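As structure tokens, the structure follows; a few thoughts come after it.
Since the model is a prediction, treat every value here as computed from it, not as a measurement.
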Amino acid sequence: MDPKSSNCSFLKLVDVHHPTKVEIPYDFATLLWGEKFPYGDRVKIIVADNLWIVEIVKYGLCPILGDGFVKVVTDNGLQKKMIYLLFNSLGPSTWYLDVFKSCVLDNYFITSIRVDDDFILMANKFWGQFYSSSYKGGSATLYVADRFWNVKMEVLSDKCAFTDGWSKLIRDLALDSRTTFIFTMAGYETFELSVFNHETGTQIYFKKVDVVVLDDPIYRDDGFDLLLASEHKEKVITNESDVDEDLGGDIVGESMRLSSSSDAYPSHIIPLILQLCKLD
């Protein structure tokens, strides 16, 4: 986590046998709340354009999401296989939840290093949506915070892998061989990588640089997507927050309808926050 910010994130693969049990990682909890966890308090969880109130309860030595989270799971159909949940804190008591189905959400995909491999695979669903048989391979630029690496993108049968240059990225960042990543497509062969601890799922933060490929064909000609992304990034960089953290009077498990959001998470988060303020 940025020491000047209260924003942090963690990633969880849904357990299909116990989909309503989500343990909050200890390192995430201490970053957000310090050593004293707010058992009995409630957090606002935003999914797309809806909001739920969920209680923080104690389970063993760590907090978990308690009363109210069952409704989040059932309302959003989170009981299925291969669903990842990305929790992004907007403050100690307001979290945004992104749902990755088959490891993909819009222009993002999740992937992990396999032990002994010197390459990493692109999520199959993402490969099919953005590349597939029309892509013959090339060179990708991968950004992690304020550094970048040129890595070969290679077609392997019906899959795509990041190969030559990938091992150097791992060595340079001194990452564990089982690290999990979220790739964000910033251009056809340009990606920003978010890094997550393979044991806890908590995001590992590095000094940040913002990547925008102005002349890339994935963006519409009117530049509106870029403008929204730029506005959001400015909010993040300056650590501004429009969210009132007061939860007084809210009902645990209650779902509230917010105004409709845009298609991609970076551009719609600010309108959601503004709507959330009105609810308080």
Side-chain angles (χ1 to χ4, degrees), residues 1-11 25 27-28 30-32 86-91 96 98 100 105-113 118-120 122-123 126 130 138-153 161-216 218-219 223 225-241 264-267 269-270:
M1 183 180 72
D2 183 342
K4 297 180 181 179
S5 170
S6 61
N7 299 337
C8 48
S9 304
F10 72 92
L11 187 66
D27 50 356
F28 172 89
T30 54
L31 285 171
L32 196 61
L86 175 63
F87 293 87
N88 302 281
S89 70
L90 307 180
Y96 194 95
D98 280 323
F100 287 74
L105 173 65
D106 298 326
N107 63 318
Y108 307 81
F109 70 88
I110 296 173
T111 185
S112 300
I113 306 172
D118 58 358
F119 62 88
I120 193 166
M122 180 181 289
F126 192 90
F130 289 93
S139 178
T141 302
L142 306 183
Y143 285 84
V144 179
D146 61 353
R147 304 174 66 182
F148 70 90
W149 290 259
N150 292 319
V151 178
K152 184 177 181 180
M153 280 179 67
F162 298 89
T163 57
D164 297 348
W166 177 255
S167 296
K168 178 172 172 54
L169 182 153
I170 299 301
R171 290 195 305 270
D172 289 351
L173 294 174
L175 296 176
D176 187 276
S177 61
R178 295 163 292 176
T179 302
T180 300
F181 298 86
I182 292 181
F183 280 64
T184 303
M185 177 183 270
Y188 191 63
E189 293 179 326
T190 304
F191 297 87
E192 295 181 82
L193 275 59
S194 300
V195 184
F196 295 83
N197 184 292
H198 73 281
E199 293 182 330
T200 67
T202 300
Q203 186 169 357
I204 302 169
Y205 285 84
F206 303 88
K207 184 179 178 181
K208 178 68 173 157
V209 66
D210 296 312
V211 180
V212 176
V213 184
L214 293 172
D215 60 350
D216 196 278
I218 70 167
Y219 295 109
D225 287 345
L226 294 177
L227 176 62
L228 291 176
S230 176
E231 291 174 350
H232 167 68
K233 288 176 179 178
E234 182 63 26
K235 282 281 187 182
V236 174
I237 292 168
T238 57
N239 296 323
E240 294 181 36
S241 175
Y265 159 66
S267 62
I269 188 169
I270 293 177

> Just wondering, do Thr111 and Phe126 contact through their side chains at under 4.5 Å, heavy atoms?
Replying inline: no

> According to the interplanar angle, ranging from 0 to 90°, do the rings of Phe10 and Phe87 count as parallel (below 30°), tilted (30 to 60°) or perpendicular (above 60°)?
Replying inline: parallel

> Backbone N or O of Glu199 within a donor-acceptor pair of the Asn197 side chain at under 3.5 Å?
Replying inline: yes

>> Just verifying a value: how many Å separate Phe196 CZ and Ser112 OG, rounded to the nearest 0.5 Å?
In response: 10.5 Å

> Do Asn7 and Ser89 meet the criterion of a side-chain donor-acceptor pair at a distance under 3.5 Å?
Replying inline: no

> From Leu173 CG over to Ile204 CD1, what is the distance, rounded to the nearest 0.5 angstrom?
Replying inline: 9.5 Å

>> Within this structure, what is the CZ-CD distance for the pair Phe162 and Glu189, rounded to the nearest 0.5 Å?
In response: 9.0 Å

>> If you define the side chain from C-beta out and look only at heavy atoms, does anything of Thr202 sit under 4.5 Å from Cys8?
In response: no

>> Could you measure the distance from the CD1 atom of Ile110 to the OH atom of Tyr108? Nearest 0.5 Å is fine.
In response: 11.5 Å

> CD1/Ile182 to CG/Leu105 distance, rounded to the nearest 0.5 angstrom?
Replying inline: 9.0 Å

>> Looking at Phe148, I'd like to know if its CZ atom is crowded, meaning that more than 12 non-hydrogen atoms belonging to other residues, nucleotides or ligands lie closer than 6.0 Å.
In response: no

>> Closer than 3.5 angstrom, by distance alone: can the side chain of Asn107 be matched with the main-chain N or O of Met185 as a donor-acceptor pair?
In response: yes

> Does a side-chain heavy-atom distance below 4.5 Å link Phe181 with Leu175?
Replying inline: yes

> How long is the span from the CH2 atom in Trp149 to the OG1 atom in Thr141, to the nearest 0.5 Å?
Replying inline: 12.0 Å

>> Tell me whether the rings of Phe183 and Trp166 are parallel (<30°), tilted (30 to 60°) or perpendicular (>60°).
In response: parallel

> Which atoms form the tightest heavy-atom contact between Ser9 and Leu86, and what is the distance?
Replying inline: CB-CD1, 4.2 Å

